[in-house]
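Remember, it's a predicted structure, so these values are computed and weren't measured experimentally.
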Amino acid sequence: MTREVTRIDLSNNSELLPDELLKRVSPSSTSNRIGQKSSISSNNIDSSGSSNNNSNDSLDKHSSPNHHVTQLLLRRNGFEDLKKYEKALHCMRHHLHELSLRENNLRYVPFEILCLTQLTSLSLASNTIQDIPEDTLCHLYNLQWLSLSNNSLIQLPLDLARCYHLKGLDIHNNEFSTIPAVIFELQHLEVLLIQRNKIQHIPFAFPEKLHTLNLGFNALDHVPRTLIDKPPTSSLDLHTCKLTEIAPSFFTFPAVRNLQRLNLAINQLHVIPTTIGLLTQMEWLNLNDNRLTTLPNSVVN
């Protein structure tokens, strides 16, 4: 009795590309990197990944159970595009939930993935993407986690706000000089990783559900007022931001007092205000590599 392949990892195969994703895989030939072992029998897929059938509907009905794959990892394969694999991806569109294309040579978001409307997790990290036009990522409206880190982005499309379920966004190590406007429209956003950019100020308050914010390695020389009025509810990272002081009033605001994790490492702080003792929910505090000579009793005790 055969079992369906639900997870496929074809990372680090610069020549073994996924042109057989629509074939059945047998227990005797399945590698350990494939999630579940199944039988193999060839379908009408040519070497380019295209089908000899006349329609995509025919592919969906008569191809292998691999169109029930829920996780597909295609990392570090040197992809510049996914044109050869359009049919294979199309057949996975009803069930694929996680797709990783990190560490390839993509210069744009491949249009071939826009049919994957059931995706909840997408990584395009560590490519060479400079721009994401409107009417692209908005098609992936079920996304909950999106990683665009380690690219060359300077802005995000405004219609990303149509990804209503987006909870986590990783855009660290890009070329942002300001917070992309669409971020303030992502009302269900809980985690934002935007470290290693060129952010100098934060014009508006972040979405109310945000609980984790990493702003490390940016050009902030003070704590923005918007962070004082509405900080993340759990974790705030401001390491390596050239901060020279923290106003005593920062720790007196009710919203700030709920922080559980605070990272102020690798700045230029000489003094930590005694009001830091008001953070009664604090579980982790990082002050390493500053210019401190003493700590307030409220920290020590």
Would you say the side chain of Leu124 lies within less than 4.5 Å of the side chain of Pro110, judging by non-hydrogen atoms?
-> yes

Do the side chains of Leu292 and Ile272 get nearer than 4.5 Å, heavy atoms only?
-> yes

Between Gln71 and Leu96, what is the shortest heavy-atom contact and its length?
-> N-CD1, 3.7 Å

Answer yes or no: is there a side-chain heavy-atom contact under 4.5 Å between Leu192 and Asp170?
-> no

Roughly how far, to the nearest 0.5 Å, is CZ of Arg7 from NE2 of His97?
-> 14.0 Å

Do Val271 and Leu262 belong together in a cluster built from hydrophobic side chains that touch within less than 4.5 Å?
-> no

State yes or no: are the ring centers of Phe184 and Phe206 separated by less than 6.0 Å?
-> yes

Lys/Arg-Asp/Glu bridge criterion (N-O < 4.0 Å) met for Asp81, Arg107 = no

Is there a donor-acceptor pair closer than 3.5 Å between any side-chain N or O of Asn104 and the backbone N or O of Gly78?
-> yes

For side chain to side chain contact (heavy atoms under 4.5 Å, CB included), just list the numbers for Trp284 and Asn263, CA-CA rounded to whole Å, side-chain angles, deciding distance to a tenth of an Å, and then say yes or no.
-> CA-CA 8 Å; Trp284 184 81; Asn263 190 350; 3.8 Å; yes

Quick one: pull up OG in Ser11 and CG in Asn13 and give me the separation to the nearest 0.5 Å.
-> 7.5 Å

Heavy-atom donor-acceptor pair, Asn267 side chain to Ala265 backbone, under 3.5 Å = yes

Ala161 to Leu186 - nearest heavy-atom pair and separation = CA-CD2, 3.8 Å

For Leu243, does the CG atom sit with more than 12 other heavy atoms under 6.0 Å from it, leaving out its own atoms?
-> yes

Find out whether Thr120 and Trp145 are in side-chain contact, i.e. whether some heavy atom of one side chain is under 4.5 Å from a heavy atom of the other.
-> no

According to the side-chain hydrogen bond (donor to acceptor under 3.5 Å, both in side chains) rule, which pairs have a member within residues 173-185, sequence neighbours left out?
-> Asn150-Asn173, Glu175-Lys198

Using atom types as modelled and distance alone, determine if a side-chain donor or acceptor of Asp237 lies under 3.5 Å from a backbone N or O of His239.
-> yes

Does Glu208 CD have over 12 foreign heavy atoms under 6.0 Å away?
-> no

Single-linkage hydrophobic cluster, 4.5 Å side-chain cutoff, Val299 and Leu278 together | no

CA sep, side-chain torsions, deciding dist, call: Arg93, Gln118, side chain to side chain contact (heavy atoms under 4.5 Å, CB included) = CA-CA 7 Å; Arg93 70 190 187 280; Gln118 299 306 307; over 6 Å; no

Atom CZ of Phe204 with >12 non-hydrogen neighbours under 6.0 angstrom | no

Of the non-hydrogen atoms in Arg76 and Asn12, which two are nearest, and what is the gap between them?
-> NE-OD1, 2.8 Å

Considering all heavy atoms of both residues, which atom of Pro296 and which atom of Pro273 are nearest to each other, and what is their separation?
-> CG-O, 3.9 Å

Minimum side-chain heavy-atom gap Ile228-Thr226 below 4.5 Å = no

Is the side chain of Asn105 donor-acceptor paired with the backbone N or O of Phe79 at a distance under 3.5 Å, no angle test?
-> no

Flag, side chain of Asn197 to backbone of Ile171, donor-acceptor distance under 3.5 Å | yes

Cluster overlap Phe250 with Leu287, hydrophobic side-chain contacts below 4.5 Å = yes

In this structure, OG1 of Thr240 is separated from CD of Gln268 (nearest 0.5 Å) by 10.5 Å

Of the non-hydrogen atoms in Met92 and Leu72, which two are nearest, and what is the gap between them?
-> SD-CD2, 4.0 Å

Please determine if Arg196 forms a cation-pi arrangement with Phe217, meaning its NZ or CZ atom is less than 6.0 Å from the six-membered ring centre and no more than 45° off the ring axis.
-> yes

So do the side chains of Leu116 and His139 get within less than 4.5 Å of each other, counting heavy atoms only?
-> no

Donor-acceptor contact below 3.5 Å, side chain Asn258 vs main chain Val256 | no

Pair His188 + Tyr164: ring centers closer than 6.0 Å | no

Determine which pairs satisfy salt bridge (Lys or Arg N to Asp or Glu O under 4.0 Å) with at least one residue from residues 274-290, sequence neighbours left out, and list them in order.
-> none

Can you check whether Thr117 reaches Tyr141 side chain to side chain, under 4.5 Å on heavy atoms?
-> yes

Separation between CG (Asn290) and CD1 (Ile246), nearest 0.5 Å, reads 9.0 Å

For residues Pro207 and Ile183, report the shortest heavy-atom separation together with the two atoms involved.
-> CG-O, 3.3 Å

Determine, step by step, whether Ile194 and Leu169 satisfy the side chain to side chain contact (heavy atoms under 4.5 Å, CB included) criterion, reporting the C-alpha distance in whole Å, the side-chain angles of both residues, the deciding distance to 0.1 Å, and the verdict.
-> CA-CA 8 Å; Ile194 195 170; Leu169 180 61; over 6 Å; no

Neighbour count above 12 (heavy atom, 6.0 Å) for Arg102 CZ | yes

Atom pair OG (Ser149) and CG (Asn127), whose distance is rounded to the nearest 0.5 Å | 9.5 Å

Decide whether Leu119 and Leu73 are clustered together by the hydrophobic rule: side chain heavy atoms of Ile, Leu, Val, Met, Phe, Trp, Tyr closer than 4.5 Å, transitively.
-> no

Is the backbone N or O of Leu106 less than 3.5 Å from a side-chain atom of Thr128, with the two atoms forming a donor-acceptor pair by type?
-> yes

Leu146 side chain reached by Cys163 side chain, heavy atoms, under 4.5 Å | no

Hey, is the main chain of Thr70 close enough, under 3.5 Å, to the side chain of Thr6 for a donor-acceptor pair?
-> no

Verify same cluster id: Leu236, Leu193 (apolar side-chain graph, 4.5 Å) = no

Kindly compute the distance separating OG (Ser234) from NE2 (His211), expressed to the nearest 0.5 Å.
-> 7.0 Å

Would you find a donor on one side and an acceptor on the other, under 3.5 Å apart, between the side chain of Asp221 and the backbone of Lys242?
-> no

Is a side-chain donor or acceptor of Asp159 paired with a backbone partner of Asp135 at a separation under 3.5 angstrom?
-> yes

Heavy-atom count around Gln130 CD within 6.0 Å, excluding the residue itself: above 12?
-> no

Evaluate side chain to side chain contact (heavy atoms under 4.5 Å, CB included) for Ile276 paired with Ser298, printing each intermediate quantity in order.
-> CA-CA 7 Å; Ile276 195 173; Ser298 56; 3.8 Å; yes

